[in-house]
Amino acid sequence: MAEKNRQHYVPKFYLRNFSESEKSISSFNLSRELFVPEASIKNMCQRNNFYGADNQLENILGEKFEPTQAQILQNILQTHTLPDDLENYIDLILFVLISEARHLKTAESLNHTVDSVLKTVIELTPRFKDVDLDKYQITINEPSLVAIQEAIESIYLVLDLEPLLIVERTGGTRQFITSDHPLVRYNSFYLWKHYYGGYGNISRGAQFFIPISPHVCILLYDKDIYHIPHQENNILLLKTAKEVDQLNQLFFLNAHNNVFCAQKTKEDYIRELHRKCRKETKIADLGREITKFSSLKSSEGHKIQYRINRVRKKIEFAWLKYTEFAQILRTPAHLGGLYRTESAAIREYLRQRERE
């Protein structure tokens with residue numbers, strides 16, 4: 001029972017893909033700036049009862065999802081091809097979305113939002129005017145359950161994204177790193193347009209990066225916005241260290257507490273990434289996710305803006321070009337963003353949202 005309560009928010013099968021021994025991995029802790037060349041995978045990215053003491057969600061992840069997902073990743077790594085049948089492809093997309101939903105950062109963001117919003121409401125309630133709300137914390141029981149359920153239900157919203165395998169071919173000079181927050185939501189298009197936002201499932205210009213080994217990264221992208229001229233059969237080979245370094249910078253910036261890499265990656269390389277990323281916004285800084293605007297009229301209360309921390313550093317990938325459609329497309333004056341309305345599933349989702 002004690003072992004079962006050690007619940008991993010990054011699955012061990014995923015971290016093993018970056019290990020030479022399948023037992024340990026090199027780790028760099030961001031807050032302590034500590035590099036550990038042989039960190040135990042068993043002890044990484046886990047919390048006691050993170051998914052609940054009853055183990056129900058832990059069992060579902062461990063028995064229903066992880067074995068299938070682990071096998072699909074192994075097939076990709078062995079063949080350098082994406083799943084060719086719909087069922088396995090959906091399982092791959094589930095792995096991508098659940099990797100984010102089950103994460104500690106997702107749970108922390110959700111709880112921080114609930115705490116901030118409800119305390120703002122309570123502050124406006126006269127009978128609580130003398131209560132020191134800072135003494136209390138309002139949380140959701142098992143927030144990961146909420147996030148995972150939403151991820152599963154939203155899978156149809158990202159099936160229109162084009163998949164790509166990015167394969168490192170630098171002759172041993174570089175390898176991909178990863179982190180304790182492996183799925184990177186990014187939007188080169190919005191950053192190019194100097195537009196704020198664009199990280200949602202239905203956003204125009206959406207990009208989902210997730211490295212799955214030191215040599216292979218999966219990218220899902222909006223094919224109406226991005227053109228990748230040198231890809232062939234959904235495979236892109238990166239042959240220069242600079243190209244891998246750019247992606248590694250993206251993965252480093254998306255880390256929550258720890259960066260991981262294969263033992264062949266040198267400590268000096270990780271510390272140089274840390275130096276380059278030192279001034280960038282930290283994903284773990286929850287205080288930046290909530291902005292509260294007070295009305296000049298007390299009767300009107302407050303307005304709260306919630307935005308999950310994402311990597312906002314503009315990285316120009318030489319292998320990625322913009323389509324003609326992207327070049328003429330204008331971003332709106334508001335912050336509502338643009339949607340991929342070519343997808344029938346997204347159009348139906350938007351219609352339902354309007355009715356609600």
Side-chain angles (χ1 to χ4, degrees), residues 9-10 18 26-36 44-45 99-100 103-110 112-113 166 168 174-200 203 205-211 214 217-219 221 226 238 240-261 265-291 305-320 331 335 337:
Y9 50 85
V10 178
F18 292 83
S26 292
S27 171
F28 180 76
N29 183 269
L30 298 178
S31 58
R32 293 183 293 165
E33 299 185 12
L34 176 65
F35 185 85
V36 180
M44 285 290 110
C45 303
S99 293
E100 178 183 54
H103 193 268
L104 176 63
K105 168 62 176 63
T106 303
E108 288 182 349
S109 290
L110 186 55
H112 180 66
T113 302
I166 304 176
E168 174 272 315
R174 288 291 189 275
Q175 293 186 335
F176 292 131
I177 65 171
T178 188
S179 79
D180 58 356
H181 191 212
L183 176 62
V184 186
R185 289 179 182 251
Y186 199 61
N187 196 317
S188 296
F189 171 66
Y190 277 178
L191 291 170
W192 175 51
K193 294 284 189 177
H194 304 286
Y195 184 76
Y196 190 82
Y199 297 86
S203 293
Q207 297 163 306
F208 295 0
F209 291 88
I210 183 166
C217 171
I218 293 173
L219 168 62
Y221 67 97
Y226 307 112
L238 299 187
T240 70
K242 180 180 178 181
E243 292 172 323
V244 177
D245 289 343
Q246 286 183 318
L247 284 172
N248 279 344
Q249 188 172 165
L250 189 67
F251 305 150
F252 193 100
L253 287 168
N254 201 62
H256 184 225
N257 291 313
N258 292 283
V259 172
F260 302 118
C261 58
T265 301
K266 295 181 179 180
E267 178 179 350
D268 289 345
Y269 178 74
I270 300 299
R271 291 197 178 276
E272 179 62 14
L273 280 174
H274 180 56
R275 185 191 67 78
K276 290 180 178 179
C277 298
R278 191 183 297 273
K279 295 182 180 180
E280 299 296 325
T281 302
K282 302 297 186 294
I283 294 295
D285 185 3
L286 296 179
R288 296 177 60 91
E289 296 191 338
I290 296 290
T291 303
Q305 177 180 312
Y306 169 60
R307 288 188 180 275
I308 298 176
N309 290 332
R310 304 291 186 192
V311 178
R312 304 189 189 277
K313 180 179 175 63
K314 184 179 179 181
I315 301 175
E316 296 182 354
F317 304 110
W319 45 267
L320 182 143
T331 53
L335 295 180

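Heads up: numbering here begins at 1 and tracks the sequence. As the structure is a computational prediction, the values presented were derived from the model and not from experiment. We use all heavy atoms of the structure for the numbers below, so side chains are in, but hydrogens, waters and symmetry mates are not.
Judged by distance alone, with hydrogens and angles left aside, the side-chain atoms of Tyr199 form no donor-acceptor pair with the main-chain N or O of Asn187 at under 3.5 Å. Using a distance-only test at 3.5 Å, with no hydrogens or angles considered, a donor-acceptor pair links the side chain of Tyr195 to the main chain of Gly337. Remark: side-chain polar atoms of Asn254 are paired, donor with acceptor, to backbone N or O of His181 under 3.5 angstrom.
Using cut-offs of 30° and 60° on the angle between ring planes, the pair Phe209 and Phe317 is tilted. Using bins of under 30°, 30° to 60° and over 60° for the plane-to-plane angle, the ring pair Phe252/Phe28 lands in the tilted bin.
Between Glu280 and Arg278 there is no salt bridge, since no side-chain N of the basic residue sits under 4.0 Å from a carboxylate O of the acidic one. With respect to the salt-bridge test (charged N to carboxylate O, under 4.0 angstrom), the residues Glu272 and Arg275 qualify.
Residues Glu100 and Thr106 have side chains that never bring a donor and an acceptor to within less than 3.5 angstrom of each other. Remark: the Ser27 side chain and the Asn29 side chain contain no N/O donor-acceptor pair separated by less than 3.5 Å. Checking His256 against Glu108 by side-chain atom types alone, a donor-acceptor pair falls below 3.5 Å.
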*Candidate pair Glu243 and Trp319, rule side-chain contact (heavy atoms from CB on, under 4.5 Å), full reasoning*: CA-CA 8 Å; Glu243 292 172 323; Trp319 45 267; 4.3 Å; yes

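Shortest non-hydrogen contact noted between Asn309 and Ile283 is ND2-O, 3.1 Å.
With rounding to the nearest 0.5 Å, the separation of CD1 in Ile315 from OG in Ser188 is 8.0 Å.
A 4.5 Å side-chain heavy-atom check between Tyr196 and Tyr190 finds every atom pair outside the cut-off. For the pair Thr178/Val259, no side-chain contact is recorded, criterion being any heavy-atom separation below 4.5 Å from C-beta on.
In this view, Thr265 and Gln175, Cys261, Tyr269, Ile270 satisfy the side chain to side chain contact (heavy atoms under 4.5 Å, CB included) rule, not counting sequence neighbours.
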